[in-house]
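Note: hydrogens, waters and symmetry copies are ignored here, and every other heavy atom, side chains too, is used. Everything numeric in this text was worked out from a predicted model, so none of it was measured.
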Amino acid sequence: MSVRVRFAPSPTGYLHIGSARTALFNYLYARHVGGKFLLRIEDTDIARSNEESTRSILEGLAWLELGHDEEVVFQSDNADKHRETAKSLLAEGKAYRDFTPKAEPGDSSVKDAIKERARASAEGSAGMRANPYRLISEVESDTRAASGEPFAIRLKVSETGRTAFDDAVYGIQERDYADTEDLVLLRSDGHPLYNLAVVCDDIEMGITHVIRGQDHLTNTHKQILIYEALGITPPIFAHLPLILAPNKGKLSKRKHGEIVSMTTYRDAGFLAAAFRNFLALLGWSAGEEKEIYSLDELIAKFSLEGIHRSNGIFNFKENDPRHWTDDKAIWFNAEYIRTMPLAELLPHVKAELKANKLWKDEYDSPITDEGLANGSELTADSHYSTWFLHTVDLIRQRFFTLKDFSSQGRAYFSEDYDLDAAAVAKNLTKFPELREWLPELAERFESEFAGANWPPADTGGSDKTFTEENIEAVVKAFAEEKGTKLGVIMNGARTLLTGVAVGPSMLSVFEILGLERTLMRLRSQVAWNG
RNA sequence: GACCGGUUCGUCUAGGGGUCUAGGACACCGCCCUUUCACGGCGGCAACACGGGUUCAAAUCCCGUACCGGUUACCA
């Protein structure tokens, strides 16, 4: 039988990082064994579920490129079948009606109330089989039900025995029946509850492997009870370790906010491939000293055996912009940006520039400017201009996210860029002479490179081209003439021309910006005027 | 409280009785490169939770303790 797995989120918020990893592991496993990866939205809790969440989850999955097979299943569509199942269990005597009035929620939080109740029932010797309605006669039960008295349907768990299963990650798991309550299958208002719905749907969908968070470990025992009552062999279970906050506590939407949401990473300029890579290595490893895995490699190497048993921490520092999310996630992203094939990166850069109104159609123009000075290997099979190719390749080396192309890299694509105040102070205003020198350097460039412009094609005459070696000679001579260090000129120019204090070799920057823009910017007095 | 699970550098992890004076990655620190730098190169700091066993030999196996987490709903 071929493998069928499912990702089954409940739509009560955006796609959480832990859920995203669960989805990824399901996806990788399915692809690894050539099975199907299905998606089911567990929207049985009408009060908490909403369409907005479903949309957000779908968006998150789409961003991560975890495409599912077959149609999305909405659990609420199957409620009738769930009810039927509960009723048949009742008819077979494997479940019973509980006429106990539904408890009203108290003042304390739900969690605390549960804990209190659990403690209380543990102290009383009643145990899990104490429900009086477990024992009433079929006739009495039928009569009361017929008279309209509301009831919940509970599974009748045997007095003695135990549930057991062999978890693909955690190994043999056993639990005494005495530790499991007669769980409610159907609420008194007729609503099917989680455990029933999951089992019914997993059966219906032909799920062979259930891969989910280990917070479901105890639910699994309850679900096995339902499978047994139904006379159906349970699927294989594989529980995943949890992803915790830096304080080892729960990573929650309420406490940690946006940082746990997939859309945050999409919007912050992360590459899906990089984030997937990061996620894959949180709780799983191939047992080798390797960090960067393409999706195909992950699929090829993924195995349930490689999943860890201990919870992992999603490490970040609140209030520290440099470490606002897990350092390793940031590193993966930066690594992908600077090393991935340029052709794969370019569409993302284009989208980023477009979103910030920095895109120009000329970047799209197929290569006509063949005469690249530094005769590059950057093949332009592409739909992008050579200048665009070179610029992106040059500046990506020091970038972390796609956002950097429109922020730090703005000056390459627009004349409208801000100068970083700290950079201005350090590299320009500290050397007042630069106010005269830089325009003077512009004059020098203009006379030396008259007629030449970017692209540095052969301009025919004896004019030198505006390329690194030639620029270097001119700037060096200029600095010497002024009796100053080369760095003063270079750093001043860098700040004025790019707005920031860091970047690639200044010679490359001059060249890539071209003579015309270089002259214009060197003559600008904005750094001193305002 | 009860039941279940977990514990290797700050974090992600390798390791499954001897090859472990415990390896890699991120972060951090230092040096180098350099006109700057968040690129790159080299190096450094830094861990087997604790206590008992078993064994010639334990990070690896067993037991206990501690700590952390999960669950204990007519939530999912």
Check whether Phe99(A) forms a cation-pi arrangement with Arg144(A) (NZ or CZ under 6.0 Å from the six-membered ring centre, at most 45° off the ring normal). yes
Does G43(B) have a Watson-Crick or wobble mate here (both distances under 3.5 Å), and if so which one? C29(B)
Any residue of residues 213-227 of chain A with a heavy atom less than 4.0 Å from an atom of RNA chain B: Gln214(A), Asp215(A), His216(A), Thr218(A), Asn219(A), Lys222(A)
For Lys317(A) and A27(B), give me the distance from atom NZ to atom C1', rounded to whole Å. 7 Å
Within the structure shown, what part of the strands sits under 4.0 Å from Phe332(A) by heavy-atom distance: base, sugar-phosphate, or nothing? nothing
Rounding to a whole Å, what distance do you find between Asp167(A):CG and G70(B):C1'? 13 Å
Under 4.0 angstrom, heavy atoms only, what part of the nucleic acid is Tyr170(A) near: base, sugar-phosphate, or nothing? sugar-phosphate
Strictly below 4.0 Å: does Arg322(A) bring a side-chain N or O up to OP1 or OP2 of C28(B)? yes
Proximity of Phe445(A) and Phe510(A) rings by center, below 6.0 Å: yes
Sort out the partner of U72(B) for me: Watson-Crick or G-U wobble, both distances under 3.5 Å, none otherwise. G1(B)
Which part of the nucleic acid, if any, lies within reach of Pro241(A) when heavy atoms closer than 4.0 Å are counted: base, sugar-phosphate only, or nothing? nothing
Is the distance between the ring centroids of Phe405(A) and Phe399(A) under 6.0 Å? yes
Check the phosphate of U71(B) against Arg175(A), side-chain N and O only, distance under 4.0 Å to OP1 or OP2. Yes or no? no
Within residues 472-479 of chain A: residues closer than 4.0 Å to RNA chain B (heavy atoms): none
G-U wobble or Watson-Crick pairing nucleotide for U7(B) (cut-off 3.5 Å, both distances): A66(B)
Closest to the side chain of His323(A), out of U35(B), G40(B), C28(B), is C28(B)
Mind checking Thr100(A) for me? I need base, sugar-phosphate or nothing, with any heavy atom below 4.0 Å counting as a touch. base
For Gly503(A) and for Leu186(A), find the nucleotide of RNA chain B with the closest heavy atom, then tell me which residue's nucleotide is more 5'. Gly503(A)
Check every strand shown and say whether Ile330(A) touches a base, only sugar-phosphate, or nothing at a heavy-atom separation below 4.0 Å. nothing
How would you list, by chain and number, every residue that makes a side chain to side chain donor-acceptor pair (under 3.5 Å) with Asn78(A), sequence neighbours excluded? Asp201(A)
Heavy atoms under 4.0 Å is the rule here; annotate nucleotides 11-24 of chain B 5' to 3' with B where the base is hit, S where only the sugar-phosphate is, and - elsewhere. SBSS--------BB
Mind checking who U36(B) pairs with, Watson-Crick or G-U wobble, both distances under 3.5 Å? none
Donor-acceptor side-chain pairing of Asp98(A) and Asn131(A) below 3.5 angstrom: yes
What about Arg48(A), does its side chain sit under 3.5 Å from the base of C75(B) through a donor-acceptor pair? yes
Output side-chain donor-acceptor pairs under 3.5 Å for residues 278-288 of chain A, partner residues at least two apart or in another chain, one line each.
residue, atom, partner, partner atom, Å
Trp284(A), NE1, Ser303(A), O, 3.3
Ser285(A), OG, His308(A), NE2, 3.4
Glu288(A), OE1, Lys301(A), NZ, 3.2
Glu288(A), OE2, Tyr293(A), OH, 2.8
Glu288(A), OE2, Lys301(A), NZ, 2.8

Please enumerate all residues that pass side chain to side chain contact (heavy atoms under 4.5 Å, CB included) together with Lys255(A), with sequence neighbours excluded. Asn247(A), Ser252(A)
What class does the angle between the rings of Phe316(A) and His256(A) fall in, given that below 30° is parallel, 30 to 60° is tilted and above 60° is perpendicular? perpendicular
Can you tell if the side chain of Tyr412(A) reaches within under 4.5 Å of the side chain of Arg410(A), non-hydrogen atoms only? no
Is Ser505(A) side chain donor-acceptor paired with the U34(B) base, going by distance under 3.5 Å alone? no
Taking the side chain as C-beta and beyond, is there a heavy-atom pair between Tyr14(A) and Lys253(A) under 4.5 Å? yes
If pairing means Watson-Crick or G-U wobble with both distances under 3.5 Å, then the partner of U19(B) is none
Identify whether any heavy atom of Pro101(A) sits under 4.0 Å from a base atom; if not, whether one sits that close to sugar-phosphate; answer base, sugar-phosphate or nothing. base
Is the closest side-chain donor-acceptor distance between Ser406(A) and Glu352(A) under 3.5 Å? yes
Modelled atom types, side-chain donor and acceptor of Asn333(A) and Tyr265(A), under 3.5 Å: no
Rounded off to whole Å, could you give me the CD-to-C1' distance for the Gln397(A) and C39(B) pair? 6 Å
Which nucleotide in A38(B), U36(B), C74(B) has an atom nearest any side-chain atom of Lys426(A): U36(B)
Assert: residue with more 5' nearest nucleotide on RNA chain B, out of Pro192(A) and Gly249(A), is Gly249(A)
Tell me the partner of C61(B), counting only Watson-Crick (N1-N3 plus N6-O4 or O6-N4) or G-U wobble (N1-O2 and O6-N3) with both under 3.5 Å; none if nothing fits. G53(B)
For A76(B), does OP1 or OP2 lie under 4.0 Å from any side-chain N or O of Thr44(A)? yes
Roughly how many Å is it from CZ in Arg212(A) to P in U71(B), rounded to a whole number? 13 Å
Any ion pair linking Glu472(A) and Lys476(A) (charged N to carboxylate O, less than 4.0 Å)? yes
Looking only at G5(B), G69(B), C3(B), the nucleotide nearest the Gln173(A) side chain is G5(B)
Arg154(A) has a side chain; which of U36(B), C74(B), A76(B) sits nearest to it? C74(B)
